[in-house]
Amino acid sequence: MAVLGSKKSKVSDEIPSSSMADIAFLLLIFFLVTTTFPKDKGLAIVLPEQQAEQDVSQKNVLHIIINPSGTVTIKRGESQQEQQVRPDDVEAIWRQGFAENENLIAAVKTHPEAAYRFMVDVLDALHSAGAKKISLQLLEE
Amino acid sequence: MSIRSGGLQRKSKASQEIPSSSMADIAFLLLIFFMVSTVFQKDKKREILWPEAEASEKIDEKQKDILNIWMETNGDVYINDLHWEMEEVRAVVRPLFADNQQLVISIRSDQNVPYRHIDLLQKELQGAGALRVVFAAELEQDIIRERR
């Protein structure tokens with residue numbers, strides 16, 4: 001038994017350093033593959049071509065006027081009736097309007113001094129409601 | 001001074017193989033060298049308060065197909081870290097769009113910019129023919145609304 005014991009002690013008692021590199025590279029490659037960089041987020045829209053203005057029937061237009069204070073004025077088509085709402089309410093208004101008229105176009109008219117975020121709020125509501133026909137305009141006095 | 005055969009034998013005991021344990025050190029040295037010396041082309045960080053939107057979606061375009069246009073609160077426009085006047089945007093974007101028809105413009109604007117600047121920018125982009133636009137916005141998460 002003593003002879004056997006002395007033979008066993010010839011096995012190196014150090015951790016093999018040559019495989020350390022393999023382990024390190026394995027970890028490196030693992031993290032390389034699993035890392036995902038955060039992608040940019042935003043509201044995508046396709047602008048109309050220049051000078052491609054289309055005439056649309058007033059009854060198909062939902063006027064969404066954004067005031068400098070952030071409130072939203074809704075005007076439906078030809079009627080002169082105005083309705084003051086919050087940007088979040090636009091989603092429900094669009095859904096209701098779209099259910100009645102499938103050709104509805106959202107005309108977002110923003111006051112020149114209104115902050116950009118109010119326009120984004122309204123655009124967000126329209127995107128949430130699934131609106132596809134959106135026209136972005138500057139409110140003319 | 002006579003060389004004994006024993007001496008030669010002793011010298012040949014030095015390993016003939018390249019030590020494999022130091023290979024890793026060399027590899028890591030190279031790796032770290034290239035990591036440190038690589039410079040990514042990235043826009044300078046700007047002090048921008050992002051607008052927030054719930055419906056904002058990820059832009060599934062390659063990084064090279066996205067052109068960032070930054071706008072600061074006072075309406076200053078920056079493209080590739082250079083300041084441009086609003087009237088020049090058209091001339092800057094047109095050749096970039098001609099090179100890459102897949103170009104998507106990411107408008108990265110402060111949430112408090114008066115809308116007239118954004119409107120002018122849109123008109124400039126239309127003039128340049130770049131019609132695919134993204135209004136970059138942070139995902140609004142604090143309000144969870146019921147979806148029908």
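Lettering follows sequence order; numbering is per chain, from 1.
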**Side chain proximity check, A:Val108 to B:Tyr115, heavy atoms < 4.5 angstrom** =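 Result no, sub-4.5 Å side-chain heavy-atom pair not found.
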**Request:** Find out whether A:Val120 and B:Gln111 are in side-chain contact, i.e. whether some heavy atom of one side chain is under 4.5 Å from a heavy atom of the other.
**Result:**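 Answer no - side chains too far apart.
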Do [X] and [Y] belong together in a cluster built from hydrophobic side chains that touch within less than 4.5 Å?
{"X": "A:Leu104", "Y": "A:Val85", "result": "yes"}
{"X": "A:Leu126", "Y": "A:Val46", "result": "yes"}
{"X": "A:Trp94", "Y": "A:Ile134", "result": "yes"}
{"X": "B:Phe97", "Y": "B:Ile66", "result": "no"}
{"X": "B:Ile105", "Y": "A:Leu47", "result": "yes"}

If you measure from [atom1] on [X] to [atom2] on [Y], what distance do you get to the nearest 0.5 Å?
{"X": "A:Ile45", "Y": "B:Ile107", "atom1": "CD1", "atom2": "CD1", "value": "9.5 Å"}
{"X": "B:Arg116", "Y": "A:Leu138", "atom1": "CZ", "atom2": "CG", "value": "9.5 Å"}
{"X": "A:Tyr116", "Y": "B:Met71", "atom1": "OH", "atom2": "CE", "value": "9.0 Å"}

**Asked** chain A heavy atoms under 4.5 Å from B:Ile118: which part of the residue, side chain, backbone, both or neither?
**Response**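 Looking at B:Ile118, just its side chain touches chain A.
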**Asked** What part of B:Asn112 is in contact with chain A, defined as an atom under 4.5 angstrom from a non-hydrogen atom: side chain, backbone, both or neither?
**Response**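 Both backbone and side chain of B:Asn112 come within 4.5 Å of chain A.
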State, to 0.1 Å, how close [X] and [Y] come at their nearest heavy-atom pair, and which atoms those are.
{"X": "A:Gln137", "Y": "B:Asp119", "result": "C-OD1, 4.2 Å"}
{"X": "A:Ser128", "Y": "B:Ala55", "result": "OG-CB, 3.6 Å"}
{"X": "B:Ala53", "Y": "A:Leu43", "result": "CB-CD1, 3.9 Å"}

**Request:** Could you please state which residues from residues 126-135 of chain B sit under 4.5 angstrom from chain A, measuring non-hydrogen atom to non-hydrogen atom, sorted by number, or 'none'?
**Result:**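 So far as heavy atoms go, B:Gln126, B:Gly127, B:Ala130, B:Leu131, B:Arg132, B:Val133, B:Val134, B:Phe135 are the residues that approach chain A to under 4.5 Å.
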**Item:** B:Glu57 bridged to A:Lys41 by N-O distance under 4.0 Å
**Value:**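 A:Lys41 and B:Glu57: not salt-bridged.
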**Message:** Tell me whether the count of non-hydrogen atoms from other residues, nucleotides or ligands lying under 6.0 Å of CD in B:Gln101 goes above 12.
**Reply:**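 Enclosed: over 12 neighbouring heavy atoms sit under 6.0 Å from CD of B:Gln101.
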**Asked** What residue in A:Asp121, A:Leu136, A:Ile66 has the most heavy-atom pairs under 4.5 Å with chain B?
**Response**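 With the most close heavy-atom pairs to chain B, the winner is A:Leu136.
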**A:Asn103: side chain to side chain donor-acceptor pair (under 3.5 Å) partners, not counting sequence neighbours** =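 A:Asn103: no side chain to side chain donor-acceptor pair (under 3.5 Å) contacts found.
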In residues 23-34 of chain B, what donor-acceptor pairs under 3.5 Å come from side-chain atoms, sequence neighbours left out?
none

**Request:** Supply the members, apart from A:Val33, of the Ile/Leu/Val/Met/Phe/Trp/Tyr cluster built from side-chain contacts under 4.5 Å; use none for a lone residue.
**Result:**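 A:Ile29, which link up through side-chain heavy atoms under 4.5 Å apart, make up the rest of the cluster.
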**Request:** Could you look at A:Leu123 and say if it's the side chain, the backbone, both or neither that has a heavy atom under 4.5 Å from chain B?
**Result:**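 Just the side chain, heavy atoms under 4.5 Å.
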